[in-house]
S.K.: 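Let me begin by handing over the structure; questions about it come next.
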Amino acid sequence: MGLLKAAAPDSFTFAFLLKAAANYGSLMPVCSSIVKLYFTGLSENVAVGGDLESSERLFESIPFKGSTSRNLMLAGYAKAGEMEMVWKVFSEMEVKEDVSWSSMITALTQNGCFDGVFGVFMDLRQLGMRPNEVSI
């Protein structure tokens with residue numbers, strides 16, 4: 001047990017995890033989790049949270065970018081104040097789920113883009129969708 005505690009994951013660890021996940025057809029949940037890891041950090045022992053550059057590289061390497069990984073990138077860019085990238089990720093989403101709309105509204109609000117918030121609400125309504133509790 002002491003050996004496991006002392007051995008922090010590194011780039012090789014993640015490469016082996018990705019390869020193993022790909023071999024078992026479970027690549028998407030693992031990739032999304034790793035993107036989240038780079039933005040938020042895993043624990044006090046593994047300080048990788050907020051690594052935008054690594055998150056971008058991983059995100060670009062994912063063959064199929066699902067809504068979970070896109071929402072994580074959107075949130076990460078918002079946290080870094082990269083609003084141009086927030087808009088890019090949001091506009092490239094083929095399917096925008098409730099979480100996507102809420103993430104976009106949160107991103108705009110966090111960065112003081114209040115006109116954008118109202119614009120997103122208007123787009124949401126024009127599509128015939130209703131804002132959920134989180135969006136409001």
S.K.: Same cluster for Val117 and Leu124 if Ile/Leu/Val/Met/Phe/Trp/Tyr side chains link at under 4.5 Å?
M.R.: yes
S.K.: Taking only residues two or more places apart in sequence or in another chain, which ones pass side-chain hydrogen bond (donor to acceptor under 3.5 Å, both in side chains) with Glu97?
M.R.: Ser67
S.K.: Tell me the side-chain hydrogen bond (donor to acceptor under 3.5 Å, both in side chains) pairs involving residues 104-119, sequence neighbours left out?
M.R.: none
S.K.: Using the side-chain hydrogen bond (donor to acceptor under 3.5 Å, both in side chains) rule, collect all pairs that involve residues 118-128, keeping only residues at least two apart or in two chains.
M.R.: none
S.K.: Would you call Lys96 and Leu127 a side-chain contact if the rule is heavy atoms closer than 4.5 Å?
M.R.: no
S.K.: Check whether any side-chain heavy atom of Phe118 sits under 4.5 Å from a side-chain heavy atom of Leu108, and report yes or no.
M.R.: no
S.K.: Which residues pass the side-chain contact (heavy atoms from CB on, under 4.5 Å) test with Glu92, sequence neighbours left out?
M.R.: Arg70, Lys88
S.K.: Examine Trp101 and Val99 and state if one hydrophobic cluster contains both, with Ile, Leu, Val, Met, Phe, Trp and Tyr joined whenever side-chain heavy atoms are less than 4.5 Å apart.
M.R.: no
S.K.: For Ala107 and Val86, which heavy atoms make the closest approach, and how far apart are they?
M.R.: CB-CG1, 3.9 Å
S.K.: Nearest 0.5 Å, what's the OG-CG distance between Ser103 and Asn71?
M.R.: 4.5 Å
S.K.: Using 0.5 Å steps for rounding, measure from the OH atom of Tyr77 to the CD atom of Glu56.
M.R.: 3.5 Å
